[in-house]
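Per chain, numbering begins at 1; letters A, B, ... match sequence-line order. Everything numeric here is computed off the predicted structure, so don't read it as measured data.
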There are 2 protein chains.
Amino acid sequence: MRDRPLALTKPAARRTALAVDVVVLSPRSDTLAVLLSRAGGAARERWSLPWDTPRPGEGLEDAAARVATTVLGVTPVFFEQIGALADARRHPGDADVSIGIAALVPSDVHGGTRDAEWFPLDDLPALPPRHRTVVDRAASVVRQRVDQSPLAFRLLPSTFTLSHLQSVYELLLGRRLHKASFRRALQASYLVEPTDEWRGEGRGRPAQLFRYAPRKRRGVRRGVRFDLFMD
Amino acid sequence: MRDRPLALTKPAARRTALAVDVVVLSPRSDTLAVLLSRAGGAARERWSLPWDTPRPGEGLEDAAARVATTVLGVTPVFFEQIGALADARRHPGDADVSIGIAALVPSDVHGGTRDAEWFPLDDLPALPPRHRTVVDRAASVVRQRVDQSPLAFRLLPSTFTLSHLQSVYELLLGRRLHKASFRRALQASYLVEPTDEWRGEGRGRPAQLFRYAPRKRRGVRRGVRFDLFMD
DNA sequence: GACTTTGGTGACGAATTGTTACTAATTCGC
DNA sequence: GCGAATTAGTAACAATTCGTCACCAAAGTC
């Protein structure tokens, strides 16, 4: 094997059935929800992730945007790659390779078509096995990236209260956070700026509205963390 | 558009030229090095990443392993997905979509064939544009994941000194770390265990050898960090 | 045996983080 | 009107983590 010439296959020789599977995520009624589309006649499961094959020359995020727009009626504002999957699990279109992409939709966007419905992330109907894996990986990627990528801000309207922001972080991380710590860390991060609007939700003191406005900040070079995820 | 029926394309209708581009990484002479393979006759650049089209039914990491084994003569021990790329940049095999995979090779593995050579990551020859992007993304993914994934341990022999481990972390992060802090954090992480062997490198006191042996540890639930990367 | 080099650790002050407790501004019930 | 309830926002203290310095240990070199 070592001395076999490097006659790598010409790409024209093999072509692959490729799918972009889109995990459209949004906070709906206090849970993180996924948009599923109703499957057609012969399908084994009644629901699946929206997906399609990318068109020639189309970028992957563009394909994801197109797919999401079709089922949602609106174009999501942010996309994050989940990873590629080529295992033996069944895909609704028998794609050899799936590329999973998370599409984030702010909580105030009220899209949805007749053939698509929101389901809580932790209470999904039966899905084609490959899609089940894609969703699971999406959830885990999203959880791991909350503090490296502005995911939480993309799940909120353009202005929001700090309590709302905190509750989205809690949704994504799956645990409660302390108010004072959360705000102190946010303050230090220079990621939001206050607007001069306030919103009263009914009960309680009105909250100031903030917007996502990341600013340059001096390099925070912390030491190594050894935060290996072992589950 | 909203009311267009969800006639998603049948996968058989469109097939894609897919490439798995492999970034084989290993510490070589105090830098992080990439294994490049010599390009054939008509290619514009003399070097490229090793790559191939996955075979039917073959997993992506399996394809990466096969490609890496071909150019290295040995099979890498660890793979990490970099992401999928479908931009307009030129690929040596004109693939529509590239899936980048990092393959990690310990520093004591002396593979390499006549048609492949190690290059320092920060001093690479001209590469096909798509491959240039894949390498850049690999570097950035690796840097971002050092403390979530046992990358550093896969770049070392099965037993190693803590100084070696630290120097790999420094290579990956691109900056110096403090010895005492590094060891304290490592201690707290329960990721390594000492062997009863010691190694003298010539000068200086011999160092104890450790092996990677992650153990369960009580949940360290830190608060949110807001470590957004903005560059 | 003194000097150099690399390994390894204790300890202290600084910085960060978890927590408690308080003040502020609003609605609700009476 | 007015106290209770509810949500927002913050100061301040305690606990923990982190960066750094200082030192000791064990080898080779001269």
Side-chain angles (χ1 to χ4, degrees), chain A residues 30 107 146-147 156-157 159-171 173-211 217-228, chain B residues 30 107 146-147 156-157 159-171 173-211 217-228:
Chain A
D30 294 324
S107 55
V146 211
D147 32 336
L156 288 168
T159 65
F160 47 82
T161 69
L162 296 189
S163 297
H164 267 131
L165 181 62
Q166 180 176 342
S167 67
V168 168
Y169 269 93
E170 291 176 343
L171 264 192
L173 294 169
R175 64 193 166 91
R176 303 300 311 271
L177 299 172
H178 272 272
K179 188 172 53 158
S181 304
F182 181 81
R183 289 173 185 226
R184 196 184 1 185
L186 187 61
Q187 199 74 277
S189 74
Y190 295 97
L191 287 178
V192 298
E193 67 184 16
T195 69
D196 39 13
E197 287 179 284
W198 295 71
R199 172 188 303 155
E201 300 275 14
R203 284 173 298 282
R205 170 175 169 177
Q208 190 167 17
L209 291 176
F210 288 74
R211 77 165 60 85
R217 55 194 163 118
R218 57 196 182 291
V220 273
R221 35 194 44 199
R222 269 188 286 84
V224 190
R225 291 282 182 155
F226 302 109
D227 282 338
L228 263 61
Chain B
D30 295 323
S107 55
V146 211
D147 32 332
L156 287 169
T159 66
F160 46 83
T161 70
L162 297 189
S163 297
H164 267 130
L165 180 62
Q166 181 176 340
S167 67
V168 168
Y169 268 93
E170 291 176 342
L171 264 191
L173 295 170
R175 62 191 168 94
R176 302 301 310 271
L177 299 171
H178 272 270
K179 189 171 53 159
S181 303
F182 181 81
R183 287 170 187 229
R184 191 178 0 157
L186 187 62
Q187 200 74 277
S189 73
Y190 296 97
L191 288 178
V192 298
E193 68 184 17
T195 69
D196 39 13
E197 286 179 284
W198 294 71
R199 173 188 301 156
E201 299 275 13
R203 283 173 299 281
R205 171 176 169 177
Q208 190 166 16
L209 291 176
F210 287 75
R211 75 166 61 84
R217 56 197 161 117
R218 56 193 183 290
V220 272
R221 35 193 45 198
R222 268 188 286 87
V224 190
R225 292 279 183 156
F226 304 108
D227 283 339
L228 265 61

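- In this structure, B:Lys179 atom NZ and D:dA22 atom C1' are separated by 11 Å, rounded to whole Å.
- D:dA5 atom C1' lies 17 Å from atom CD of A:Glu201, rounded to whole Å.
- What you find for A:Ser189 and B:Phe226 is that their closest heavy atoms are CB-CB, 3.6 Å.
- The interatomic distance linking B:Phe160 (CZ) with C:dG8 (P) rounds to 12 Å, in whole Å.
- Looking at B:Arg205, its side chain comes within 3.5 Å of the base of D:dA25 through a donor and an acceptor atom.
- On a pure distance criterion of 3.5 Å, no polar donor-acceptor pair joins the side chain of B:Arg184 and the base of C:dG10.
- For the pair B:Gln208 (side chain) and B:Thr195 (backbone), a donor-acceptor distance under 3.5 Å is present.
- Rounding to whole angstrom units, NE2 of residue B:His178 and C1' of C:dA11 are separated by 16 Å.
- Within the nucleic acid shown, B:Gln208 comes within 4.0 Å of sugar-phosphate atoms alone, with no base atom in reach, counting heavy atoms only.
- Taking atom CD on B:Gln187 and atom C1' on C:dG10, their separation rounds to 13 Å, with Å as the unit.
- Atom CZ of A:Arg199 is separated from atom C1' of C:dA25 by 17 Å (rounded to the nearest Å).
- Computed from coordinates, the A:Arg183 CZ to C:dT19 C1' distance equals 16 Å when rounded to whole Å.
- Residue A:Arg225 is classed as a sugar-phosphate contact, given heavy-atom separations below 4.0 Å to backbone atoms only.
- We find that NE2 of B:His164 is positioned 8 Å from P of C:dG7, with the value rounded to whole Å.
- A:Ser163 has its side chain within reach of A:Arg183: a pair of non-hydrogen atoms, C-beta onward, lies under 4.5 Å apart.
- Nearest to the side chain of B:Ala207, among C:dG7, D:dT7, C:dT26, sits C:dG7.
- Across all strands shown, A:Thr161 has no heavy atoms under 4.0 Å from either base or sugar-phosphate atoms.
- Enclosure of atom CD in B:Glu201 by more than 12 non-hydrogen atoms of other residues, nucleotides or ligands within 6.0 angstrom is indicated.
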